[in-house]
Amino acid sequence: MEIKEIELTDVLPAVFKGEPARPSDVWLTNLTLRKGERYIISAESGTGKSSLCAYIFGARRDYIGTIRFSGEDVRSYPIKKWQGIRRTGIAYLPQDLGLFPELTAWENITLKNSITRHFSNEQIMALLARLGIQSRTDFPVGKMSIGQQQRVAIVRTLCQPFDFIFLDEPVSHLDEENNRIVASIVEEEAGRQGAAIIATSVGNHLLLSDAKTLHL
């Protein structure tokens, strides 16, 4: 299933229902995210940015309002359809990264890539080299710094086809130079697939070019 647009209509985390409304470009609005475009979702802590990503990924349903993929209400999707969407429609990097700490960087990445066969081993090594962590491939990620773990998780997230990629605070522990490298890699892969990029931030924005900023 190709996802050409994601529409949010009057969406709000259920826990916020009844609270005084605050200005937002996302909550309780009509918002359409379109394939091929780039977005930064700028938020303060506690305003629901990780919840938003989880709702769109189908990992949580505790919201009011409607989320549609290309006009279809996602609440009607059976688990099998969600499985297909997560394989080929939406790539997602959660804030907690979801890495297996006892596995090496290489094992974490290739565990996914062995299923998708999206990159060759040489392509994965080239990405790790650009990110400056090629020497850490055989190192357990649980013993890496958070910044190194973020770079491993970004490569793993890219190991699939996608129409939309959601990155929840992907560069929160990276300096500006590594931020630019990550942004370049993500933009190259999204551009190759004609995909949209949505990156959240509470301060250190992913340095995307020509991105629209939405305030949560």
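Quick note: residue numbers are just sequence positions, from 1. Keep in mind it's a predicted model, so treat the numbers as computed, not measured.
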Crowding at [atom1], [X] (>12 non-hydrogen neighbours, <6.0 Å):
X    : atom1 : value
E2   : CD    : yes
D210 : CG    : no
R22  : CZ    : no
Q83  : CD    : yes

Can you tell me how far the [atom1] atom of [X] sits from the [atom2] atom of [Y], to the nearest 0.5 Å?
X    : Y    : atom1 : atom2 : value
E169 : S45  : CD    : OG    : 7.0 Å
F162 : E189 : CZ    : CD    : 5.0 Å
L12  : I64  : CG    : CD1   : 4.5 Å
F16  : S51  : CZ    : OG    : 6.5 Å
I41  : L31  : CD1   : CG    : 7.5 Å
L33  : E5   : CG    : CD    : 9.5 Å

- Item | Parallel, tilted or perpendicular, as decided by the 30° and 60° cut-offs, for the rings of Y55 and Y63 | tilted
Return yes if some donor-acceptor pair links the side-chain N/O of [X] with the main-chain N/O of [Y] below 3.5 Å, else return no.
X    : Y    : value
S114 : T110 : yes
D163 : I3   : yes
N108 : F100 : yes
R130 : A126 : no
E102 : G142 : no
R156 : L97  : yes

Side-chain heavy atoms nearer than 4.5 Å, only ILVMFWY residues, links allowed to pass through others: does that put [X] and [Y] together?
X    : Y    : result
F164 : V182 : no
V171 : I181 : yes
I154 : M144 : yes
I67  : M1   : yes
L52  : V202 : no

- Test side-chain contact (heavy atoms from CB on, under 4.5 Å), reference L93, set L167, I165, L158, output is L167
Identify the heavy atoms of [X] and [Y] that sit nearest to each other, and give their distance.
X    : Y    : answer
V15  : E19  : O-OE2, 3.8 Å
L207 : A183 : O-CB, 3.3 Å
A105 : V152 : CB-CG2, 3.7 Å
P101 : P140 : O-CB, 3.8 Å
C53  : T200 : SG-CG2, 3.8 Å
T213 : D25  : O-OD2, 4.3 Å

Side-chain H-bond candidate by donor/acceptor type, [X] with [Y], under 3.5 Å:
X    : Y    : value
S172 : Q150 : yes
S209 : R38  : yes
D73  : T66  : no
T104 : D138 : no

Flag the pair [X] / [Y] as yes when at least one side-chain heavy-atom distance between them is below 4.5 Å, and no otherwise.
X    : Y    : answer
I109 : L128 : yes
Q95  : K49  : yes
Q134 : M125 : yes
I6   : F166 : yes
W82  : V74  : yes
S42  : H205 : yes
I56  : Y92  : no
I185 : L127 : yes

- Go through the steps for R136 and Q148 under the test side-chain contact (heavy atoms from CB on, under 4.5 Å), then give the verdict. CA-CA 9 Å; R136 310 292 277 176; Q148 290 172 334; 3.8 Å; yes
- Item | Residues which pass ring-ring contact (aromatic ring centres under 6.0 Å, His included) with F119, listed by chain and number, not counting sequence neighbours | none
- Ion pair check, E188 and R192, cut-off under 4.0 Å: no
